[in-house]
Number of protein chains: 2
Amino acid sequence: MTTRITTDRPPRRGQANHVACDDCGLFPLCNPINISGHELSMAEEFVERRQPIRAGEYLFSEGAPFTAIYAVTSGAIKLVNNSDEDEELIVGFVLSGEALGQTGIYPQRYPCSAIALEDSFVCELPFGSLLETANQVPVLLNNFQTMLHKENFDLYRQFAMLMARKNAEQRLSAFLLNLSLRRQERGFSAEEFQLPMSRDDIANFLGLRKETLSRLFTKLHQSGSIAVRGKHIRMLNAEQLRKASGLPSSAS
Amino acid sequence: MTTRITTDRPPRRGQANHVACDDCGLFPLCNPINISGHELSMAEEFVERRQPIRAGEYLFSEGAPFTAIYAVTSGAIKLVNNSDEDEELIVGFVLSGEALGQTGIYPQRYPCSAIALEDSFVCELPFGSLLETANQVPVLLNNFQTMLHKENFDLYRQFAMLMARKNAEQRLSAFLLNLSLRRQERGFSAEEFQLPMSRDDIANFLGLRKETLSRLFTKLHQSGSIAVRGKHIRMLNAEQLRKASGLPSSAS
DNA sequence: GAGCCCATTTGATATAAAGCAATTAGCGCA
DNA sequence: TGCGCTAATTGCTTTATATCAAATGGGCTC
């Protein structure tokens with residue numbers, strides 16, 4: 001085996017592990033008018049492209065003033081809440097192609113910290129530029145609102161309310177389906193991938209202990225739903241996993 | 001003991017059990033400009049005031065087109081998700097003075113059903129009117145966005161993420177503190193009140209069994225945190241309850 | 001390539017909550 | 001006021017997950 005960190009397949013377009021612009025969650029903001037003919041791109045002027053961030057580094061910190069929205073173009077980020085003094089509380093993971101920081105808009109402060117799970121690249125869209133341009137391009141603000149609402153609903157409200165009532169196996173099943181689906185949405189393989197986070201991080205996010213989580217990985221492996229080898233996951237039977245998740249139809 | 005249903009104290013202003021307009025969550029939308037001198041009130045023209053709704057009746061149904069935002073002026077409403085075919089999933093409670101229906105804006109459909117827990121009154125603010133007026137009064141839209149973000153953060157994101165990791169006692173403690181705080185915000189007594197919902201509803205919302213919940217009420221009662229007699233609650237030691245909730249400082 | 005460190009897995013036991021059954025209490029109605 | 005229905009409580013048993021402890025494994029450094 002080589003020393004390559006990931007065995008992910010490349011996305012539909014662009015370089016391996018890097019998401020292409022038109023698969024990126026920030027695309028509707030970077031390119032608010034992309035209909036035939038018109039070409040207003042904020043990307044050229046405002047977006048700071050491909051900034052590197054090393055594993056463990058903070059992209060922004062909880063409570064810091066809200067200045068920019070980001071998109072992960074490669075790698076992965078965890079969102080951490082430290083308000084509970086003693087231990088960190090992981091409130092979400094941001095995958096390659098997904099946006100983060102949007103939720104800072106309401107109180108004008110980031111509600112959580114963003115920490116790189118592995119060496120990553122991000123694009124930065126300063127919020128000031130966004131507002132300035134929004135006056136000329138109303139659709140921009142609309143795109144932003146849509147993004148916010150979608151995120152609030154999909155990522156937080158539904159998922160968290162479900163979590164509160166699901167048992168350990170259902171939580172892990174739902175989590176894996178969720179990751180797989182999100183990868184698919186960004187043009188990555190939904191069937192096979194490397195988990196960017198540790199077992200501890202998953203356990204933290206799902207409100208379980210790492211021992212319980214480990215046993216569950218073993219159980220899902222043995223039941224034939226997935227193949228697990230360390231962080232490498234292969235989805236063998238998504239339908240079975242969906243049943244195990246206790247979710248109605250399509251996991252958010 | 002008399003046959004009066006509730007022993008709630010009256011709010012700061014207005015009739016007993018009815019919230020006054022300026023304690024109402026819809027106030028910033030009904031009266032977007034209430035600064036000295038100006039008086040633009042949507043209330044006079046558009047708001048349908050004090051519509052009665054009987055216990056068990058639907059105010060709106062999950063999936064129905066989004067037409068209006070409501071405020072509960074007296075009584076209480078439960079928000080129910082029926083997407084899980086077999087059983088209902090209670091995703092929240094709306095108390096007197098609070099708004100509901102706002103979250104229908106994104107997909108233009110109500111994401112859950114609203115069912116009266118007891119005979120109640122609501123005000124209705126048609127969304128069409130809101131949009132029309134918003135063109136003339138930009139601050140209106142801003143108030144609306146603020147309301148949405150606040151709700152998404154307070155009511156759902158934080159609360160639900162906490163729930164997923166809290167044990168039964170912590171959940172119930174947090175729930176009671178949350179109710180108490182919300183009553184206080186609307187000018188009702190935070191120390192003593194009637195629960196508008198059944199034990200089954202609370203258990204459903206908190207992801208617990210009613211037997212577990214019942215034991216916990218007994219436990220909190222015996223520990224001196226609260227006094228319970230059926231649906232009547234008296235908060236005896238909020239600080240103790242806060243500790244039991246495992247929440248950092250002020251429960252949302 | 002060997003050794004070390006830390007993440008992960010596995011095993012054994014304790015504990016919290018669910019599940020089931022029976023009793024009690026509250027409330028509407030005759 | 002008493003009856004009857006349903007909600008709520010309580011007791012007992014089972015199950016799922018946490019907890020504690022030990023063993024294994026993978027990746028990194030030298």
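Computation of the quantities below employed the complete heavy-atom set of this structure, encompassing side-chain atoms and omitting hydrogens, waters and symmetry-equivalent molecules.
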S.K.: Ring centroids only, cut at 6.0 angstrom: are Phe66(A) and Phe60(A) within range, meaning strictly under it?
M.R.: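 Aromatic pair excluded; centres sit 6.0 Å or further apart.
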S.K.: For a quick test of reading the model, state the closest non-hydrogen atom pair linking Pro196(B) to Leu117(B) and the distance between them.
M.R.: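 Taking every non-hydrogen atom into account, O-CB, 3.6 Å.
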S.K.: In whole angstrom, what separates Gln170(A)'s CD from dA18(C)'s C1'?
M.R.: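 These atoms are roughly 14 Å apart.
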S.K.: Taking all non-hydrogen atoms of both residues into account, name the closest pair between Asn204(A) and Glu88(A) and its distance.
M.R.: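 Closest heavy-atom pair between Asn204(A) and Glu88(A): ND2-O, 2.9 Å.
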S.K.: Test Arg183(B) against Glu191(B) for salt bridge (charged side-chain N to carboxylate O under 4.0 Å, His left out), laying out the working first.
M.R.: CA-CA 9 Å; Arg183(B) 286 179 55 83; Glu191(B) 286 77 39; over 6 Å; no
S.K.: Over its full length, what angle do the end axes of the helix from dG1(C)-dC30(D) to dA30(C)-dT1(D) make, each axis taken from five pairs and the result rounded to 10 degrees?
M.R.: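 If I round to tens, the end axes sit 40° apart.
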S.K.: Each nucleotide in nucleotides 1-17 of chain C should get exactly one letter: B, S or -. Can you fill that in based on protein heavy atoms under 4.0 Å?
M.R.: -------BBBBB----S
S.K.: Minimum heavy-atom separation for Phe188(B) to Ser96(B), with atom names?
M.R.: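 In terms of heavy atoms, the two residues are closest at CZ-OG, 3.6 Å.
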S.K.: I need the CD-P distance between Gln194(A) and dG27(D), as an integer number of Å.
M.R.: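 So the two atoms are 9 Å apart, to the nearest Å.
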S.K.: Can you label the angle between the Phe205(B) ring and the Phe93(B) ring as parallel, tilted or perpendicular, going by 30° and 60°?
M.R.: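 Ring orientation, 0 to 90° scale: perpendicular.
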S.K.: Begin with the C-alpha distance, continue with both residues' side-chain angles, and end with the deciding distance and a verdict on salt bridge (charged side-chain N to carboxylate O under 4.0 Å, His left out) for Glu118(A) and Lys231(A).
M.R.: CA-CA 13 Å; Glu118(A) 53 192 32; Lys231(A) 295 189 169 182; over 6 Å; no
S.K.: Do Arg54(B) and Asp119(B) meet the salt-bridge criterion of a basic N to acidic O distance under 4.0 Å?
M.R.: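 Yes, Asp119(B) and Arg54(B) are salt-bridged.
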